[in-house]
Amino acid sequence: MPRASARSVAAAGFPRGARDGGEDCGSPGPGDLQKGTSNMSFEELLELQNQVGTKTYKQLVAGKSTKKQGSRPPVQNACVADKHRPLEMSAKVRVPFLRQVVPISKKVARDPRFDDLSGEYNPEVFDKTYQFLNDIRAKEKELVKKQLKKHRSGEEHEKLQQLLHRMEQQEMAQQERRRQQELHLALKQQRRAQAQQGHRPYFLKKSEQRQLALAEKFKELKRSKKLESFLSRKRRRNAGKDRRHLPLGKE
């Protein structure tokens with residue numbers, strides 16, 4: 001095997017002193033080894049591969065580096081100098097039909113009824129602030145009544161009748177709400193008076209508050225002589241509810 005090694009080095013065109021460690025000549029480089037590989041035998045090539053290594057041997061035989069020559073350079077992301085400048089899109093990717101060119105600030109709708117910026121809702125302050133609306137509603141109600149007298153029948157008569165009924169319902173609901181506020185205010189004053197006298201204030205339950213409100217409603221209906229009509233409507237409504245739960249008769 002040392003003999004084959006000597007022949008391989010000699011066939012490659014290198015002096016013997018390069019292998020023996022002489023000081024006159026340096027070690028053979030890859031370019032010098034590539035020149036003599038064409039005339040070497042298979043045994044000499046194996047010996048050469050053991051000496052220089054597999055990687056260097058492949059480079060000598062192939063005559064090129066193992067790195068990929070056709071590798072694609074890394075794609076650099078488009079750098080936008082100005083934030084208001086349109087974004088540069090790649091020509092290799094299909095541009096979407098709808099794309100955001102300039103950022104637009106979205107308008108957010110705000111409901112003052114449920115927003116903290118509008119303050120806390122106070123029914124008493126609200127009624128005092130918008131008390132002028134009661135006069136406007138009364139004038140509108142009188143105007144609807146006049147229009148209703150002119151249109152005795154037809155589609156316009158039905159629309160005016162529904163509008164008048166809705167306005168009356170709103171007025172009754174407002175009166176009921178005002179009555180509830182007066183009752184709560186009276187209870188609050190009563191608790192305050194008890195606290196000033198040194199007694200422990202008593203807070204009514206919701207069921208007791210409903211009973212007091214119902215008693216006040218009965219007193220108001222009795223004063224306006226509408227108690228009988230209210231009770232008759234209540235009886236008919238309860239009878240209709242009870243009729244639904246009755247079993248069906250045999251056919």
Side-chain angles (χ1 to χ4, degrees), residues 105-152 154-245:
S105 59
K106 184 179 179 181
K107 295 182 179 180
V108 180
R110 187 176 69 88
D111 194 343
R113 298 174 299 172
F114 308 105
D115 199 344
D116 296 336
L117 297 177
S118 302
E120 187 177 357
Y121 174 70
N122 191 346
E124 299 176 1
V125 177
F126 183 83
D127 292 340
K128 290 180 180 179
T129 305
Y130 296 97
Q131 192 174 4
F132 64 94
L133 294 177
N134 297 331
D135 300 334
I136 297 176
R137 293 193 187 99
K139 293 179 181 179
E140 290 178 352
K141 185 178 179 180
E142 293 296 330
L143 182 61
V144 171
K145 287 182 178 180
K146 291 180 181 179
Q147 293 292 331
L148 190 60
K149 291 179 180 179
K150 293 180 180 180
H151 301 84
R152 294 292 182 179
E155 185 179 356
E156 191 70 21
H157 176 78
E158 294 180 359
K159 290 182 179 179
L160 292 172
Q161 190 71 28
Q162 292 177 0
L163 179 60
L164 181 61
H165 180 68
R166 185 167 65 250
M167 295 174 72
E168 291 177 352
Q169 292 291 331
Q170 291 177 357
E171 186 177 357
M172 291 174 60
Q174 187 178 3
Q175 292 176 1
E176 181 66 24
R177 185 170 61 251
R178 192 182 299 113
R179 193 180 301 111
Q180 293 287 342
Q181 292 177 4
E182 291 176 357
L183 180 61
H184 291 166
L185 182 60
L187 292 175
K188 187 183 295 184
Q189 292 176 356
Q190 185 179 359
R191 288 194 295 266
R192 191 175 299 170
Q194 290 177 358
Q196 290 177 358
Q197 294 176 4
H199 301 288
R200 185 177 180 181
Y202 177 72
F203 294 90
L204 295 177
K205 300 178 182 178
K206 291 185 178 181
S207 59
E208 296 175 348
Q209 294 180 8
R210 286 195 296 267
Q211 290 178 2
L212 287 176
L214 187 61
E216 290 293 331
K217 186 175 181 179
F218 270 82
K219 290 179 182 179
E220 182 67 25
L221 291 172
K222 192 173 183 179
R223 283 195 298 266
S224 60
K225 298 180 180 180
K226 296 181 180 179
L227 182 59
E228 293 297 330
S229 60
F230 174 77
L231 291 177
S232 62
R233 289 198 305 269
K234 194 76 172 177
R235 291 191 198 99
R236 288 196 300 268
R237 193 180 301 115
N238 292 336
K241 291 181 180 179
D242 295 338
R243 197 177 297 111
R244 293 197 209 103
H245 298 287

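Side-chain atoms are counted along with the backbone in the values below, which use heavy atoms only and exclude waters and symmetry mates. Just so it is clear, the structure is predicted and the values come from calculations on it, not from any experiment.
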If every non-hydrogen atom of Leu187 is compared with every non-hydrogen atom of Leu212, which pair is closest and at what distance? CD2-CD1, 4.3 Å
Please name all residues satisfying side chain to side chain contact (heavy atoms under 4.5 Å, CB included) with [X], sequence neighbours left out, ordered by chain then number.
X	value
Ala213	Gln180, Leu183
Glu124	Asn122, Leu185
Ile136	Phe132, Leu133, Glu140

How long is the straight-line distance from [atom2] of [Y] back to [atom1] of [X], given to the nearest 0.5 Å?
X	Y	atom1	atom2	result
Lys188	Arg191	NZ	CZ	7.5 Å
Leu231	Asn238	CG	CG	10.5 Å
Met167	Lys145	CE	NZ	9.0 Å
Leu221	Ser229	CG	OG	7.5 Å
Arg137	Gln174	CZ	CD	5.0 Å
Glu156	Leu148	CD	CG	10.0 Å

Go through the structure and list residues passing side chain to side chain donor-acceptor pair (under 3.5 Å) with [X], not counting sequence neighbours.
X	answer
Asp116	none
Asp115	Arg110
Arg192	none

Distance-only donor-acceptor hits, side chain of residues 197-208, under 3.5 Å, sequence neighbours excluded:
unit_1: Tyr202; atom_1: OH; unit_2: Glu208; atom_2: OE1; d: 3.4
unit_1: Tyr202; atom_1: OH; unit_2: Glu208; atom_2: OE2; d: 3.4
unit_1: Glu208; atom_1: OE1; unit_2: Lys205; atom_2: N; d: 3.3

4.5 Å side-chain heavy-atom contact, Gln161 and Glu158: no
Salt bridge (charged side-chain N to carboxylate O under 4.0 Å, His left out) partners of [range], not counting sequence neighbours, each pair once:
range	result
residues 210-221	Glu220-Arg223
residues 169-179	Lys141-Glu171, Glu176-Arg179
residues 229-244	none

Can you confirm whether more than 12 heavy atoms, excluding those of Glu155, are under 6.0 Å from its CD atom? no
Just jot down the salt bridge (Lys or Arg N to Asp or Glu O under 4.0 Å) partners of Glu228, sequence neighbours excluded, or say none. none
Pairwise ring pair (Phe, Tyr, Trp, His ring centres under 6.0 Å) hits with a residue in residues 105-129, at least two apart: Tyr121-Phe126, Phe126-Tyr130
